[in-house]
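A short worksheet on the structure shown next.
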Amino acid sequence: MAPRSPLTLAGLAALGAEKLAQLILDEAAESPAFARRVNAALAGGQGPSAVAKLIDRRLSALDRAKAMVPWEKERALAADLDALVDSIERELAPLSPLMAAQRLIRFVAGHGSLFNRIDDSSGRIQAVYWRGSEILPRIVEQMAGTDRASLPGLLDEALTRDSHGLIPALAIATAPLLPPVILAAWERDLSTATPDKYGQITQIRQAIADAMGKLDH
């Protein structure tokens with residue numbers, strides 16, 4: 001039996017564009033999640049607005065959905081959500097970190113609605129959302145300082161929808177990446193917020209205080 005050739009960038013490039021394109025089309029026909037990745041990559045050639053439009057369409061569909069998700073569709077749904085997160089990070093973020101951050105926060109904030117529609121005993125769906133939350137700091141690092149000023153407001157709004165601690169985790173991870181003036185304004189806003197029973201606002205305020213303390217040194 002002939003040895004199997006390893007999948008490498010050089011090996012795939014040697015196949016030629018037409019053969020690669022056919023392989024991609026074949027796989028896209030079999031895998032909706034892969035098709036979403038390909039469509040996002042193609043949209044990237046038209047600019048960030050085109051990619052954002054595709055992502056917004058999927059986010060809106062997730063927001064509207066009300067039906068329970070049967071267990072046999074859990075794996076396909078996880079793959080679809082993974083493709084959505086990858087599109088935000090790999091296709092949109094390089095073109096517009098701000099637009100990517102906005103959509104990633106919107107995606108993570110929608111977790112409660114989906115968790116109520118599925119018996120995620122395997123934790124597969126939750127894992128995708130936690131992976132999405134870990135991506136935000138990398139996107140924020142690419143953002144201009146002035147663009148970061150919108151993040152506290154987005155996170156505060158998302159916090160009202162949180163049910164599993166993902167948004168506080170996002171806020172805590174984001175705080176060290178914000179300039180002092182933005183942190184100070186965020187702290188002022190949170191100081192007048194009604195305390196929540198889980199102490200999430202207190203946790204975020206502590207993260208802000210820690211970040212401002214480090215910036216002072």
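What's counted below: heavy atoms across the whole structure, side chains too, no hydrogens, waters or symmetry copies.
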[atom1] of [X] to [atom2] of [Y]: how many Å apart, nearest 0.5 Å?
{"X": "L190", "Y": "D156", "atom1": "CG", "atom2": "CG", "answer": "5.0 Å"}
{"X": "H111", "Y": "Y129", "atom1": "NE2", "atom2": "OH", "answer": "8.5 Å"}
{"X": "I118", "Y": "Q126", "atom1": "CD1", "atom2": "CD", "answer": "10.0 Å"}
{"X": "L178", "Y": "I208", "atom1": "CG", "atom2": "CD1", "answer": "8.0 Å"}
{"X": "R131", "Y": "D86", "atom1": "CZ", "atom2": "CG", "answer": "4.5 Å"}
{"X": "L92", "Y": "K53", "atom1": "CG", "atom2": "NZ", "answer": "14.5 Å"}

Shortest non-hydrogen separation from [X] to [Y] and the atoms involved:
{"X": "A43", "Y": "A50", "result": "O-CB, 3.6 Å"}
{"X": "A207", "Y": "A175", "result": "O-CB, 4.0 Å"}
{"X": "R117", "Y": "S113", "result": "CG-O, 3.3 Å"}
{"X": "A158", "Y": "A109", "result": "CB-CB, 3.7 Å"}
{"X": "A78", "Y": "V128", "result": "O-CG2, 3.9 Å"}
{"X": "A173", "Y": "P176", "result": "O-CD, 3.4 Å"}

Minimum side-chain heavy-atom gap [X]-[Y] below 4.5 Å:
{"X": "E74", "Y": "D120", "value": "yes"}
{"X": "F107", "Y": "L59", "value": "yes"}
{"X": "I182", "Y": "R148", "value": "yes"}
{"X": "I204", "Y": "W186", "value": "yes"}
{"X": "L159", "Y": "P168", "value": "yes"}
{"X": "E91", "Y": "L54", "value": "no"}
{"X": "L136", "Y": "V108", "value": "no"}
{"X": "V51", "Y": "I55", "value": "yes"}

Inset, instruction - Using modelled atom types only, decide if a donor and an acceptor are shared between the side chain of R36 and the backbone of A83 within a distance under 3.5 Å. - result: no
Inset, instruction - Please check if the side chain of N116 supplies one atom and the backbone of G112 the other of a donor-acceptor pair under 3.5 Å. - result: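 Here the side-chain-to-backbone pair exists.
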Inset, instruction - Apply side chain to side chain contact (heavy atoms under 4.5 Å, CB included) to I167 and R161, showing your working. - result: CA-CA 9 Å; I167 300 302; R161 303 173 61 191; over 6 Å; no
Do [X] and [Y] share a hydrophobic cluster, counting only Ile, Leu, Val, Met, Phe, Trp and Tyr and linking them when any side-chain heavy atoms are less than 4.5 Å apart?
{"X": "V181", "Y": "M143", "value": "yes"}
{"X": "I88", "Y": "F34", "value": "no"}
{"X": "L42", "Y": "I24", "value": "yes"}
{"X": "L95", "Y": "V140", "value": "yes"}
{"X": "I201", "Y": "I172", "value": "no"}

Legend entry - Derivation of the side chain to side chain contact (heavy atoms under 4.5 Å, CB included) call for K73 and V69: CA-CA 7 Å; K73 293 186 177 181; V69 181; 4.2 Å; yes
Legend entry - Pair S60-R106, side-chain donor/acceptor within less than 3.5 Å: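 Yes, side-chain donor-acceptor contact under 3.5 Å.
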Inset, instruction - Please lay out, stage by stage, how D196 and T202 fare under the test side chain to side chain contact (heavy atoms under 4.5 Å, CB included). - result: CA-CA 9 Å; D196 61 281; T202 300; 6.0 Å; no
Legend entry - Given R37, R103, R138, the one that forms salt bridge (Lys or Arg N to Asp or Glu O under 4.0 Å) with E89: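 Only one option passes, and that is R138.
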In terms of heavy-atom contacts, does [atom1] of [X] have more than 12 from other residues, nucleotides or ligands at under 6.0 Å?
{"X": "E30", "atom1": "CD", "result": "no"}
{"X": "R90", "atom1": "CZ", "result": "no"}
{"X": "E157", "atom1": "CD", "result": "no"}

Inset, instruction - Dump the intermediate steps for side chain to side chain contact (heavy atoms under 4.5 Å, CB included) on S150 and L98, then the final yes or no. - result: CA-CA 9 Å; S150 65; L98 175 58; 3.6 Å; yes
